[in-house]
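Here's the structure, in C-alpha cells; my notes come after.
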Amino acid sequence: MSSSAFGMLSAIGFFITLISLCIVPQYAQGITRHYEFNIKMQNVTRLCHTKSMVTVNGKCPGPRVVAREGDRLVIKVTNHVSTNITIHWHGIRQLRSGWADGPAYITQCPIQTGQSYVYNFTVVGQRGTLWWHAHISWLRSTLYGPLIILPKNNVPYPFEKPYKEVPVIFGEWFNNDPETIIRQALQTGGGPNVSDAYTINGLPGPLYNCSAKDTFKLKVKPGKTYLLRIINAALNDELFFSIANHTLTVVDVDAIYVKPFETDTILITPGQTTNVLLKTKPNFPGAAFFMSARPYVTGQGTFDNSSVAGILEYEFPSPHLKNLPLFKPNLPPLNDTSFAANYTKKLRSLASPLFPANVPKKVDKHFFFTVGLGTNPCDHKNQTCQGPNGTKFAASVNNISFTQPTTALLQAHYFGKSNGVYSPDFPINPFHWFNYTGNPPNNTMVNNGTTKVMVLPFNTSVELVMQDTSILGAESHPLHLHGFNFFVVGQGFGNYDPQKDPKNFNLVDPIERNTVGVPSGGWVAIRFLADNPGVWFMHCHLEVHTSWGLKMAWLVLDGKLPNQKLQPPPDDLPQC
Ligand SMILES: *C1O[C@H](CO)[C@@H](O)[C@H](O)[C@H]1NC(C)=O
Ligand SMILES: *[C@@H]1O[C@H](CO)[C@@H](O)[C@H](O)[C@H]1NC(C)=O
Ligand SMILES: *[C@@H]1O[C@H](CO)[C@@H](O)[C@H](O)[C@H]1NC(C)=O
Ligand SMILES: *[C@@H]1O[C@H](CO)[C@@H](O)[C@H](O)[C@H]1NC(C)=O
Ligand SMILES: *[C@@H]1O[C@H](CO)[C@@H](O)[C@H](O)[C@H]1NC(C)=O
Ligand SMILES: *[C@@H]1O[C@H](CO)[C@@H](O)[C@H](O)[C@H]1NC(C)=O
Ligand SMILES: *[C@@H]1O[C@H](CO)[C@@H](O)[C@H](O)[C@H]1NC(C)=O
Ligand SMILES: *[C@@H]1O[C@H](CO)[C@@H](O)[C@H](O)[C@H]1NC(C)=O
Ligand SMILES: *[C@@H]1O[C@H](CO)[C@@H](O)[C@H](O)[C@H]1NC(C)=O
Ligand SMILES: *[C@@H]1O[C@H](CO)[C@@H](O)[C@H](O)[C@H]1NC(C)=O
Ligand SMILES: *[C@@H]1O[C@H](CO)[C@@H](O)[C@H](O)[C@H]1NC(C)=O
Ligand SMILES: *[C@@H]1O[C@H](CO)[C@@H](O)[C@H](O)[C@H]1NC(C)=O
Ligand SMILES: [Cu+2]
C-alpha cells in the first residue's frame with residue numbers, strides 16, 4: 001500500500017470517527033424510565049369530610065417520578081374520569097419536545113375521557129427537585145407529585161451527601177370540589193372560596209379539627225443530615241416554612257444549585273421548589289418539633305389563613321418516653337414583605353466551573369410587562385357581579401387578559417394554521433404609561449378578545465421586566481415560564497426605572513429558576529436565551545390569577561440547523 005493510499009484510509013477513518021462523535025447525542029447514555037398514570041376517582045377523607053376526587057393512581061400526592069440527568073421519561077397517561085386532563089412536567093426544559101409540555105390549549109388539546117397520551121421527553125442538563133401537575137382548570141389541586149432528578153451516576157452533589165432524602169410537598173385541601181369553586185367564581189365575578197386546609201404530603205395535621213391522625217411525621221436519627229425536597233403545590237398561596245429549633249441550609253431552588261445559606265424560615269411560592277439540608281441534633285433531645293407552614297399574603301382578598309403542621313420526631317432509644325414536649329416554630333407575620341425581600345436577596349447561583357451561571361450578557365430584545373389584577377364589566381343582563389364595584393375580577397399582562405383558544409397554539413403554529421387562533425402582536429410594553437404602583441387609575445378594565453403571542457427568532461437573548469400594578473392593590477405574583485430557566489438579574493420596589501435600575505443588575509451570580517415572585521408593589525428583571533423552539537406559556541402560578549387571565553405565550557421560531565427545530569408531533573397527540 002502506498003503511503004498516500006494509507007494516508008487516505010486513515011483520513012477516512014478519522015472522518016468516520018468525527019461523524020460518529022457528532023451523531024452520538026451528548027446525553028445518550030441515559031436510560032428510559034416508564035411510568036403509568038391512571039387518572040381515576042378516589043374517595044378521600046380529610047377533616048371528617050369525605051369526597052370523591054380526581055387522582056393519579058388513586059393517590060394524592062401522586063406517584064414520585066424519579067430519573068437521572070440524561071434519562072428519557074416515558075409516561076403513559078390514561079384518562080378514566082369524565083373531565084379533560086393534561087399533565088405538565090413543571091421546570092423540565094422540554095428541549096424541542098414541546099408536545100410533551102402539557103398546558104391545555106397551549107401545547108396540546110386535552111386527553112379526553114377514555115383516551116391515553118404518552119409524554120415522552122429527555123431530562124437534559126438538569127438535576128434537582130421539580131414536580132408534575134395537571135395543567136387544565138383547577139385540577140392540579142389533586143393531581144400533583146414530585147419529579148426528582150438525580151445527578152448522573154457517580155456525580156456527587158456539591159454539598160454533603162445526605163443520609164436520607166425526603167420529599168415535602170405542600171398542597172391545599174378543599175372540602176368542596178375545586179372545579180365547582182372556580183366555575184362558581186368565574187360566574188359570580190367574585191373571589192373564589194378559599195381552601196379548608198393546607199397539607200404536607202397530603203396530610204393537614206394536628207392544627208385542624210378532626211385531623212390529628214392525618215399528620216406527616218418525619219422520624220429522624222440524631223447527628224445525621226437529611227435533604228428535604230420541598231415543593232409548593234398549593235393553588236393560591238405563597239408559604240413560609242420552618243422547623244422548630246432547627247436551622248435549614250438552602251442548597252438548591254427550582255433544580256439549580258445555589259450558594260448555600262442558613263435560615264430558620266424559607267419562603268416558597270406556588271410552582272417553586274427548594275432543597276434544604278436539615279442537620280439533626282447530635283443526641284436525642286427528649287422533645288418533638290413541629291414543622292409548619294402558613295401563607296405569605298399581600299393581596300386584598302380573602303385567603304386561607306390557617307397553618308399546617310407535621311412533626312419531626314427523633315427515633316428514641318427508649319420507646320416508652322411519651323408526652324414529649326412539642327416545640328413550635330415562629331413564622332413571620334402573614335404580610336412580611338420585608339422578610340420576602342431579604343430572603344430572595346440571599347438566593348445566588350452557585351456559579352462554579354461545574355455549574356456556571358450562563359447569564360446572557362448582551363440583550364437582543366427588551367420587554368416591559370405589567371402584571372396585576374383588573375376588572376371586567378358585569379354582564380348587563382345580570383347585575384349581581386361580586387367583583388369590585390359590581391364588576392367581575394380579571395387579570396392581565398400589559399392589560400391584556402389572555403383568551404384561552406379552543407385549539408392548541410403549538411399545533412396551530414406547527415401546521416401553519418394560526419389564522420383565527422392567535423395573532424403575533426403581543427405588546428412589548430404597556431399601551432399607556434401610568435403610575436403603576438401609585439394611586440389606582442380611573443379605568444380598571446382589562447382588554448380581552450384575541451389570543452396574542454410574542455414571537456421570538458431562535459436564540460434571541462431576552463430581557464423582561466415584570467412590573468406589579470396596584471390597580472386593585474399591590475400583590476406579589478409568582479410568574480412561571482415554561483420551556484426555559486431564566487436569571488433573576490434585578491428586583492426592587494416601586495416603578496422600574498430604566499435609567500437607574502440596570503446599573504445594579506447582577507450579571508455574575510444571579511439566581512436561575514423557572515418561577516419568580518414579582519415583588520408586591522415592585523418589579524423583577526429576568527434574562528433568558530430563547531434557544532428552545534415551540535410555544536411556551538408564561539403565567540401567574542396563583543391559579544385564580546391564571547383563571548382570570550394573568551397569562552400569555554411566547555412563540556420561539558425554529559433555528560436554521562436541524563437540531564434547532566421543533567420535532568414533529570407524536571402520533572397519539574390528542575386532538576380538539
Ligand atoms: C372581556 O370579556 C368579558 C367576558 O367575556 C366581557 O364581559 C368584557 O366586556 C370584555 N372586556 C372588554 C374590554 O372587551
Ligand atoms: C365513593 O363513595 C361512594 C359513596 O359511598 C360510592 O358510591 C363510590 O363507589 C365510591 N367510589 C370509589 C371510587 O370508591
Ligand atoms: C419516545 O421517543 C423516542 C425518540 O423520539 C422514540 O424512539 C420512542 O419510540 C418513543 N417512545 C414511545 C413509547 O413513544
Ligand atoms: C362558597 O362559599 C359560599 C359561602 O360560604 C357557599 O354558599 C357556596 O356554596 C360555596 N361554593 C362552593 C362551590 O363550595
Ligand atoms: C346571574 O348571576 C347569578 C350569580 O352570579 C347566577 O346564579 C345566575 O344564573 C345569573 N343569571 C343569568 C340570567 O345569567
Ligand atoms: C427550642 O426552642 C425554644 C425556644 O427558643 C427553647 O425554649 C427550647 O429550650 C428549645 N428546645 C430544644 C429541645 O432545643
Ligand atoms: C401587616 O399586618 C399588620 C397587622 O394586621 C399591620 O399592623 C401592618 O401594618 C402590616 N404591615 C404591612 C407591611 O402591610
Ligand atoms: C431585612 O433587612 C433589613 C436590612 O438589612 C433589616 O433592617 C430588616 O430588619 C430585615 N427584615 C426582616 C424581616 O428580617
Ligand atoms: C369603586 O367606586 C368607588 C366610588 O365610586 C371608587 O372610589 C373606587 O375607586 C372604585 N373601586 C374600583 C376598584 O373601581
Ligand atoms: C407614583 O405614586 C407614588 C405613590 O403614590 C408616588 O410616591 C410617586 O411619586 C408617584 N410617581 C410618579 C412618577 O408620579
Ligand atoms: C380620574 O377621576 C378623577 C376624579 O373623578 C378626576 O379628577 C381625574 O381627572 C380623572 N383622571 C383621568 C385621567 O381621567
Ligand atoms: C374536552 O376537550 C374537548 C376538546 O377541546 C372539548 O371539545 C370538550 O368540550 C371538553 N370536554 C369537557 C367535559 O370539558
Ligand atoms: Cu398572580
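For the numbers below, each heavy atom of this structure counts, side chains included, while hydrogens, waters and symmetry mates do not. Computed from a prediction, not measured in an experiment: that's the story for all the values here. Both counts, for ligands and for their atoms, begin at 1 and track the order of listing. In what follows, residues are counted from 1 in the order of the sequence shown.
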_Every residue of the protein that comes under 4.0 Å of ligand 6, judged on heavy atoms_ =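 The 4.0 Å shell around ligand 6 contains Asn245, Lys281, Phe289, Phe327.
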
Anything under 3.5 Å between a donor and an acceptor, one on a side chain of residues 514-525, the other on a protein residue two or more places apart or in another chain? List them.
from: Asn514; atom 1: OD1; to: His90; atom 2: NE2; distance (Å): 3.1
from: Asn514; atom 1: OD1; to: His480; atom 2: ND1; distance (Å): 3.4
from: Thr515; atom 1: OG1; to: His90; atom 2: NE2; distance (Å): 3.4
from: Thr515; atom 1: OG1; to: His480; atom 2: ND1; distance (Å): 3.2

Consider only side-chain N and O atoms of [X] and [Y], and report whether a donor and an acceptor are under 3.5 Å apart.
X      : Y      : result
Thr129 : Thr273 : no
Gln42  : Ser52  : no
Gln115 : Asn79  : no
Trp548 : Ser401 : no
Ser242 : Asp264 : no

Anything under 3.5 Å between a donor and an acceptor, one on a side chain of residues 204-211, the other on a protein residue two or more places apart or in another chain? List them.
from: Tyr208; atom 1: OH; to: Tyr198; atom 2: N; distance (Å): 2.9
from: Tyr208; atom 1: OH; to: Ser306; atom 2: OG; distance (Å): 2.6
from: Tyr208; atom 1: OH; to: Ser307; atom 2: O; distance (Å): 3.2
from: Ser211; atom 1: OG; to: Gly205; atom 2: N; distance (Å): 3.3
from: Ser211; atom 1: OG; to: Gly205; atom 2: O; distance (Å): 2.9

_Partners meeting side-chain hydrogen bond (donor to acceptor under 3.5 Å, both in side chains) with Glu179 (sequence neighbours left out)_ =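 Here the qualifying residues are Ser137.
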
*Any N or O of Asn43 closer than 3.5 Å to N or O of ligand 2*: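 It does: an N or O of Asn43 is found under 3.5 Å from an N or O of ligand 2.
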
*asked:* As an exercise, identify every atom of ligand 2 less than 4.0 angstrom from a heavy atom of Met41.
replied: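 Taking each heavy atom of Met41 in turn, ligand 2 has 13 (C) under 4.0 Å.
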
_I need the ND1(His477)-the Cu ion (ligand 13)-SG(Cys540) angle, rounded to 10 degrees._
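With the Cu ion (ligand 13) as the vertex, ND1 (His477) and SG (Cys540) sit 140° apart.
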
*Minimum-distance N/O/S atom that His545 presents toward the Cu ion (ligand 13)*: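 Relative to the Cu ion (ligand 13), the closest nitrogen, oxygen or sulfur of His545 carries the name ND1.
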
